[in-house]
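The block underneath contains the structure these notes are about, expressed in structure tokens.
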Amino acid sequence: MLDNLRKYHVVLASNSPRRRELLAGLGVDFEVRVMAGIDESYPDDMSAMKAAEYVAGKKAAAYKETLGNDELLIAADTMVIAEDEVMGKPHDEADALRMLGKLSGKTHHVVTGVCIVTKERQSLFSVVTDVTFKELSHEETEYYVNNYHPLDKAGAYGIQEWIGFIGCTGLEGSYFNVMGLPVQRIYTELLKF
């Protein structure tokens with residue numbers, strides 16, 4: 001499948017081991033390319049649901065000048081939204097505990113924006129998944145933060161880790177989107193290139 005990609009050298013613009021694993025799961029050969037210092041801000045008046053898509057587009061734009069004519073780049077950004085707060089990566093353990101406390105016993109949104117770009121073409125979209133957590137005890141969140149160190153994860157958690165095993169009571173949408181890459185939608189978009 002995805003034989004149409006043979007004409008491209010695919011580049012994943014992410015250092016995330018989860019994104020690498022998910023893209024590899026599609027059977028796509030790719031290289032990882034990471035550019036430091038990309039501005040990931042978005043306008044204050046922008047809807048939280050559109051922010052991840054906007055940032056993914058900014059990431060792709062930063063790479064576009066360096067792309068060869070035969071290269072296809074995939075850039076993504078994932079945000080967790082709870083009660084209108086956009087949760088990026090926690091600053092420290094205390095911030096991680098605060099975030100998990102806010103997610104406890106509620107449903108939140110995980111939005112991943114994706115930009116697939118070549119020199120001639122661009123596809124920009126986002127995928128939303130609703131995730132519900134049970135009421136998490138302080139002992140549970142403290143155990144998770146101390147043992148799994150989720151400081152590199154939006155919303156301070158990885159659904160594929162211990163906290164997801166014991167805490168997630170419901171999920172509507174793409175599980176892989178919550179991990180950081182909506183591979184089903186990416187597959188559909190890649191078929192168009």
Original post:
Can Val178 be reached from Leu136 by stepping across I, L, V, M, F, W or Y side chains whose heavy atoms are under 4.5 Å apart?
Top reply: yes

**OP:** Could you pull out all residues at least two apart from His9 that satisfy side-chain hydrogen bond (donor to acceptor under 3.5 Å, both in side chains)?
**Re:** Glu31

Original post:
Are Val34 and Val28 joined in one hydrophobic group, where the rule is that I, L, V, M, F, W and Y side chains link up if heavy atoms are under 4.5 Å apart?
Top reply: yes

Original post:
Taking side chain as C-beta onward, heavy atoms only, is Glu142 less than 4.5 Å from Glu93?
Top reply: no

Original post:
With Asp130, which residues qualify under side-chain hydrogen bond (donor to acceptor under 3.5 Å, both in side chains), at least two apart?
Top reply: His109

**OP:** Using a 4.5 Å cut-off on heavy atoms from C-beta on, say whether the side chain of Thr78 contacts that of Arg19.
**Re:** yes

Subject >> Pairwise side-chain contact, Cys168 with Thr132, heavy-atom cut-off 4.5 Å (strictly under) >> reply: no

Original post:
ring pair (Phe, Tyr, Trp, His ring centres under 6.0 Å): which pairs involve residues 69-104, sequence neighbours left out?
Top reply: none

**OP:** Kindly check if the number of other-residue, nucleotide or ligand heavy atoms within 6.0 Å of CG (Asn4) is above 12?
**Re:** yes

Subject >> Neighbour count >12 (heavy atoms, 6.0 Å) for atom NZ, Lys134 >> reply: yes

Original post:
Should Phe193 and Leu2 be counted in the same cluster of Ile, Leu, Val, Met, Phe, Trp and Tyr side chains packed under 4.5 Å apart?
Top reply: yes

Original post:
Is there a side-chain contact between Ile74 and Phe30 (heavy atoms, below 4.5 Å)?
Top reply: no

Original post:
Between SG of Cys115 and CD of Glu189, what distance do you get to the nearest 0.5 Å?
Top reply: 10.5 Å

Subject >> Heavy-atom pair with the smallest gap, counting every atom of Ala82 and Met87 >> reply: CB-CE, 3.9 Å

Subject >> CG (Asp39) with more than 12 external heavy atoms under 6.0 Å >> reply: yes

Original post:
Is Leu171 linked to Val128 within one hydrophobic cluster, defined over Ile, Leu, Val, Met, Phe, Trp and Tyr using a side-chain heavy-atom separation of less than 4.5 Å?
Top reply: no

**OP:** Check Ile81 against Ala48 and note the closest heavy-atom contact, atom names and distance.
**Re:** CD1-O, 3.4 Å

**OP:** Only counting residues at least two apart or in another chain, list the ones meeting side-chain hydrogen bond (donor to acceptor under 3.5 Å, both in side chains) with Gln184.
**Re:** Thr188

Original post:
Quick one: OG1 on Thr129 to CE on Met179, what's the gap to the nearest 0.5 Å?
Top reply: 12.0 Å

**OP:** Look at atom CD of Gln122 and say whether more than 12 heavy atoms of other residues, nucleotides or ligands are closer to it than 6.0 Å.
**Re:** yes

Original post:
Mind checking whether Leu72 and Ile116 have side chains closer than 4.5 Å, heavy atoms only?
Top reply: yes

**OP:** Specify the closest pair of heavy atoms between Pro90 and Ala96, including all atoms of both residues, with the distance to one decimal.
**Re:** CB-N, 3.6 Å

Original post:
Nearest heavy-atom pair of Gly113 and Ala52: which atoms, and what distance?
Top reply: N-CB, 3.5 Å

**OP:** Kindly say whether the aromatic ring centers of His108 and Tyr157 come within a distance under 6.0 Å.
**Re:** yes

Original post:
What's the spacing between Asp29 CG and Leu26 CG if we round to 0.5 Å?
Top reply: 11.5 Å

Subject >> Trace of the side-chain contact (heavy atoms from CB on, under 4.5 Å) decision for Leu190 with Tyr187 >> reply: CA-CA 5 Å; Leu190 287 174; Tyr187 173 79; 5.8 Å; no

Original post:
Tell me, do Lys50 and Tyr54 make a side-chain contact under 4.5 Å, heavy atoms counted?
Top reply: no

Original post:
Which residues satisfy the side-chain hydrogen bond (donor to acceptor under 3.5 Å, both in side chains) test with Asp77, sequence neighbours excluded?
Top reply: Lys59

Original post:
Hey, does the side chain of Asn177 reach the backbone of Val110 with a donor-acceptor pair shorter than 3.5 angstrom?
Top reply: yes

Original post:
Nearest 0.5 Å, what's the CG-CG distance between Leu22 and Leu12?
Top reply: 10.0 Å

Original post:
With side chains defined as the heavy atoms from C-beta onward, is the minimum distance between Val131 and Val80 less than 4.5 Å?
Top reply: no

Original post:
Under the criterion side chain to side chain contact (heavy atoms under 4.5 Å, CB included), which of Leu124, Val114, Val127 is the partner of Glu53?
Top reply: Leu124

Original post:
So how far is it from Glu83 CD to Thr107 OG1, rounded to the nearest 0.5 Å?
Top reply: 10.5 Å

Original post:
Are Glu140 and Tyr143 close enough that some pair of their side-chain heavy atoms sits under 4.5 Å apart?
Top reply: no

**OP:** Mind checking the CG-CG spacing from Asp95 to Leu151? Nearest 0.5 Å is all I need.
**Re:** 9.0 Å

**OP:** Kindly work out whether a path of hydrophobic side-chain contacts (I/L/V/M/F/W/Y, heavy atoms less than 4.5 Å apart) joins Met49 to Leu103.
**Re:** no

Original post:
Does a side chain donor of either Tyr175 or Gln160 reach within less than 3.5 Å of an acceptor in the other side chain?
Top reply: no

Original post:
Are the side chain of Ser126 and the backbone N or O of Thr112 linked by a donor-acceptor pair below 3.5 Å?
Top reply: no

Subject >> Nearest atoms (heavy-atom pairs only) where Met79 meets Ala51 >> reply: SD-CB, 3.7 Å

Subject >> Backbone N/O of Val32 and side chain of Arg20: donor-acceptor pair under 3.5 Å >> reply: no

Original post:
How about Tyr144: does its OH atom have over 12 heavy atoms from other parts shown lying under 6.0 Å from it?
Top reply: yes

**OP:** Scan residues 62-76 for pairs that pass side chain to side chain donor-acceptor pair (under 3.5 Å), counting only residues two or more places apart or in two chains.
**Re:** Arg33-Glu71

Subject >> Distance-minimising heavy-atom pair for Leu73 and Ala60 >> reply: CD2-CA, 3.8 Å

Subject >> Geometric class of the Tyr148/Trp162 ring pair [parallel <30°, tilted 30-60°, perpendicular >60°] >> reply: parallel

Original post:
Hey, does the side chain of Arg121 reach the backbone of Lys192 with a donor-acceptor pair shorter than 3.5 angstrom?
Top reply: yes

Subject >> N-O pairing of Lys102 and Glu85 below 4.0 Å >> reply: yes

